[in-house]
Chemist: 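Let me give you the structure first, and then I'll get to my questions.
Computed from a prediction, not measured in an experiment: that's the story for all the values here. FYI, the numbering just counts along the sequence from 1.
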Amino acid sequence: MDLDDILALAETRPSPLELARARRVARAAQSQYDLALAEGYKIMVDADLVDPLTWDVDEATRVARAAQLAKSGTVTWVAGGRGGLGRLSWSDEMAMIFGHAPGTLRLTPETLFGLVHPVDAGRVRAAVRTAWARCRPGEVDFRVVQPGGSIRHVHCHLEITTCEGEPSGIVVTGEDVTALELARQERRRLAIRSRMLGADLAVLDALTGLPNRGYVIDEVDRARRTTGGVLVVVATEPATRLPDALTDTDRDRLTAAVAQLLRTVVGPGVTAGLVGSGLWGVLLAPADDRAEAAESLAARIVETFRNHLFGVRQNTLRLTTSAGVVRFASGVPATGFDLLVDGEHAARDARRDTAAAVVVLDEPVADAERMARCRSRIRHAVSANRFALYAQPIVDLSLNQVTRHEILLRVRSDTGEPVAPVAFLDMAERVGEILMVDKWVVDHALAFVGRGAQTSHYQVNISGKSLADPGLLTFVTEAIDRHGVKPERLTFEITETALIENRNEALAFARGIRAAGCHLALDDFGTGYGALAHLKYLPVDLVKIDGTFIVDLCRSPADQAVVSKLVELCQTLGIRVAAEYVQDDATVERLKSYGVDFAQGYWTGRPEPITVSRDEVQSVELELRFPPRHTALG
């Protein structure tokens, strides 16, 4: 071969197959480079990639070597003559990507597509047809099923070779991108989780912006397990009975004003929260300089509150204020709830003693003494009928009208003011006295229902802890007969936030109630213990989704996902759904789109004392439950 032959050979243009191979090699090298960077490898020596068609022989050689190191696989199909099936082959690397040892599988189009995941096979065929019809390169991602059942992710480039302007074959360059795909899926998952993860609305009281009772108790528990500390409980109530014309909005504004004043007095960095209606908790750790002067801080809070004039409906109001201080060392057996009760009792003692604004306990009260005092308070409230019932309307979203009412429990304070029972019910459940409260509500609620026309449906809520009493079913059925209530007009709700202590007794009560002709419902659904398990074994007819999933529904993708799927689940199980804490039209429209049956909240109306005529109430929902978390006094 002389010089003229060499020059003639150099001027020869590459075939379409050679061009496809060059492009394939460049992509493989670039993919391996990206993978190395994604896995954090430090690139010691790099080759600058250039267009392989520029005839830079040295650069093309380096790119080819990089592609060989990448171990990319190829599948080549060259069309045969007229009526021929052509020639199909794959490289050793591609065979191993599909999980087969080189030379062990006779490759045909059927066997090749049979190795593709069934879900992806149609998409791969469509990509090949599109590339062939357009005579243009393409790419496709799919999964392969290896002989042992393992799934691998593969990314392939499709190159169409031509002869005299017509498609003559296909060259497929593929690589195992399982690591990249799993990393991409994890990044996507983390992005979704970050977007869905919102603030814990159950921690803060939306009205005051302060931590709620549960959060303060948890913080006290943490302090007693570690450093110890001092708990200050401040009790406030109006010096005179509030006017009957005062609305819930007025009371909410008063509570917010008290919270703002408390923040001002205790300063930043101190755990201070709303622990009950008119009850405020302040936790001081030993490391805090103010812990040693906790009694002085409590006295300053009391003096500030007593001297402050709060505005209510263009009138001024003073608060009767007292405080209890409880010191506790690390490792004390008393729980955070116990210490909070001790502080509340100390504050009540200070209120009775006009000479002492603050009562200080140097250590927690003995368990027996604390238990006896709690039970005495609850039993006195029941025997003295220190309760009131309020009604809140519920809207049937399919009819767009009020068809039910929920009756809420209120506890009367020493001045006779009805207040939210969150602290009272919490104490009753913890000390095992909730049953007598439940019986009081059942008896008085059914007496109210029995005096009415009973033209629709009525619901009575019972704490999950009360279900452990084997005599509850008998008490309820006798109350139904005694007050002349039609059992088919009743639904009994189990408060789902409370732990059902005895599953067998709960199931027996549920079956007994159903046998008597009544229905069963779950309240506060989604926040309690084993909620889905309850749907499985309890004959539930209605579920009320807890309001923590509803209050921010229009702005929270997480709440939207939870509510929509819960509704879908309940519909599948033949269970009706109600939503609590509904506050605006936008939330109502979204609930309707999900298929929610009932809506309840400030959008439907505020709770009002039961003073309406019996004929005005079509249906009453009677329920003993904690008040909505998004309001302090509502």
Side-chain angles (χ1 to χ4, degrees), residues 27-44 46 70-72 97 99 116-124 127 138-146 148-157 174-204 206 209 211-212 214-215 218-219 222 524-533 545-570 572 579 581 586-587 590-591 593-594 629-630:
R27 285 194 299 268
Q30 182 65 57
S31 175
Q32 190 67 13
Y33 176 81
D34 294 340
L35 178 61
L37 290 181
E39 294 179 348
Y41 291 109
K42 184 177 181 181
I43 306 302
M44 303 300 296
D46 195 9
K71 296 184 179 180
S72 296
I97 288 175
V116 177
H117 194 286
V119 176
D120 301 337
R123 183 159 47 82
V124 174
E139 55 184 316
V140 63
D141 293 282
F142 58 93
R143 291 163 293 174
V144 300
V145 182
Q146 295 183 342
S150 299
I151 304 296
R152 307 299 294 176
H153 293 266
V154 178
H155 179 75
C156 285
H157 290 275
E175 59 178 327
D176 187 332
V177 294
T178 303
L180 289 175
E181 176 62 22
L182 294 180
R184 184 194 68 81
Q185 292 177 4
E186 179 64 9
R187 289 194 300 272
R188 181 173 179 271
R189 185 194 69 80
L190 291 174
I192 293 175
R193 190 71 191 109
S194 177
R195 186 173 70 253
M196 290 290 186
L197 191 61
D200 187 358
L201 298 178
V203 168
L204 298 179
N212 63 14
Y215 180 86
D218 287 346
E219 288 298 294
R222 182 165 62 174
D524 298 332
F525 188 75
T527 61
Y529 301 84
L532 295 180
I545 299 178
D546 189 79
T548 55
F549 299 107
I550 305 299
V551 290
D552 201 37
L553 182 64
C554 292
R555 294 174 294 275
S556 170
D559 289 339
Q560 294 166 16
V562 170
V563 173
S564 63
K565 294 306 179 183
L566 282 180
V567 174
E568 182 180 343
L569 171 63
C570 290
T572 302
Y581 304 1
T587 301
R590 189 171 288 273
L591 293 174
S593 69
Y594 293 156
R629 295 187 184 91
H630 62 286

Chemist: So, do H155 and F142 sit near enough that their side-chain heavy atoms are less than 4.5 Å apart?
Modeler: no

Chemist: List in chain and number order the residues that pass ring-ring contact (aromatic ring centres under 6.0 Å, His included) with H153, two or more places apart in sequence or in another chain; answer none if no residue qualifies.
Modeler: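 For H153 there are no ring-ring contact (aromatic ring centres under 6.0 Å, His included) partners, ignoring immediate neighbours.
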
Chemist: Between E219 and G214, is there a donor-acceptor pair closer than 3.5 Å when you use the side chain of the first and the backbone of the second?
Modeler: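 Flag not set: sc E219 to bb G214 has no pair under 3.5 Å.
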
Chemist: Is a side-chain donor or acceptor of S556 paired with a backbone partner of L553 at a separation under 3.5 angstrom?
Modeler: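 Judged by distance alone, no pair lies under 3.5 Å.
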
Chemist: Determine whether a donor-acceptor pair (N or O, by modelled atom type, separation under 3.5 Å) exists between the side chain of T572 and the backbone of E568.
Modeler: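 It does hold such a pair.
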
Chemist: Out of curiosity, I545 CD1 to Y581 OH, how far, rounded to the nearest 0.5 Å?
Modeler: 13.0 Å

Chemist: State the CZ-CD1 distance between R152 and I97, to the nearest 0.5 angstrom.
Modeler: 9.5 Å

Chemist: Are any non-hydrogen side-chain atoms of V567 and L591 less than 4.5 angstrom apart?
Modeler: no

Chemist: Which heavy atom in C156 sits nearest to a heavy atom in G174, and how many Å separate them?
Modeler: SG-CA, 3.6 Å

Chemist: Side-chain contact test, heavy atoms from C-beta onward, threshold under 4.5 Å: evaluate it for F549 versus V563 and give yes or no.
Modeler: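 The answer is yes; the side chains approach within 4.5 Å.
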
Chemist: Quick check: does any side chain N or O of S593 sit under 3.5 Å from a backbone N or O of R590, one acting as donor and the other as acceptor?
Modeler: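 Side chain of S593 to backbone of R590, a donor-acceptor pair under 3.5 Å: yes, one is there.
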
Chemist: How long is the straight-line distance from CZ of R189 back to CG of L182, given to the nearest 0.5 Å?
Modeler: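 So the gap between those two atoms works out to 12.5 Å.
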
Chemist: Just do the side chain to side chain contact (heavy atoms under 4.5 Å, CB included) check on R195 and I192 with the steps written out, would you?
Modeler: CA-CA 5 Å; R195 186 173 70 253; I192 293 175; 3.9 Å; yes

Chemist: In Å and rounded to the nearest 0.5 Å, what is the CD to CG distance from Q185 to L180?
Modeler: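 The CD atom of Q185 sits 11.5 Å away from the CG atom of L180.
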
Chemist: How about CZ on R188, more than 12 heavy atoms from neighbouring residues, nucleotides or ligands closer than 6.0 Å, or not?
Modeler: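 Incorrect, the count does not exceed 12.
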
Chemist: Taking all heavy atoms of M196 and all of A558, pick out the closest pair and write down the distance.
Modeler: O-CB, 3.0 Å

Chemist: Looking at side-chain heavy atoms only, is the closest gap between I550 and T587 below 4.5 Å?
Modeler: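 I550 reaches T587 side chain to side chain.
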
Chemist: Measure the shortest side-chain to side-chain distance between D559 and T548 over non-hydrogen atoms and say whether it is less than 4.5 angstrom.
Modeler: no

Chemist: Within a strict 4.5 Å, meaning less than it, do heavy atoms of the V154 and D141 side chains meet?
Modeler: no

Chemist: As a quick check of understanding, evaluate side chain to side chain contact (heavy atoms under 4.5 Å, CB included) for H117 and I151, giving each step before the final call.
Modeler: CA-CA 8 Å; H117 194 286; I151 304 296; 4.0 Å; yes

Chemist: Backbone N or O of Y215 within a donor-acceptor pair of the N212 side chain at under 3.5 Å?
Modeler: yes

Chemist: Give, for atom CD of Q560 and atom SG of C554, the distance between the pair rounded to the nearest 0.5 Å.
Modeler: 7.0 Å

Chemist: Going by salt bridge (Lys or Arg N to Asp or Glu O under 4.0 Å), name the residues that satisfy it together with D120, two or more places apart in sequence or in a different chain.
Modeler: R123, R143

Chemist: Would you say that E186 contacts L190 through its side chain, given a criterion of any heavy-atom pair below 4.5 Å between the two side chains?
Modeler: yes

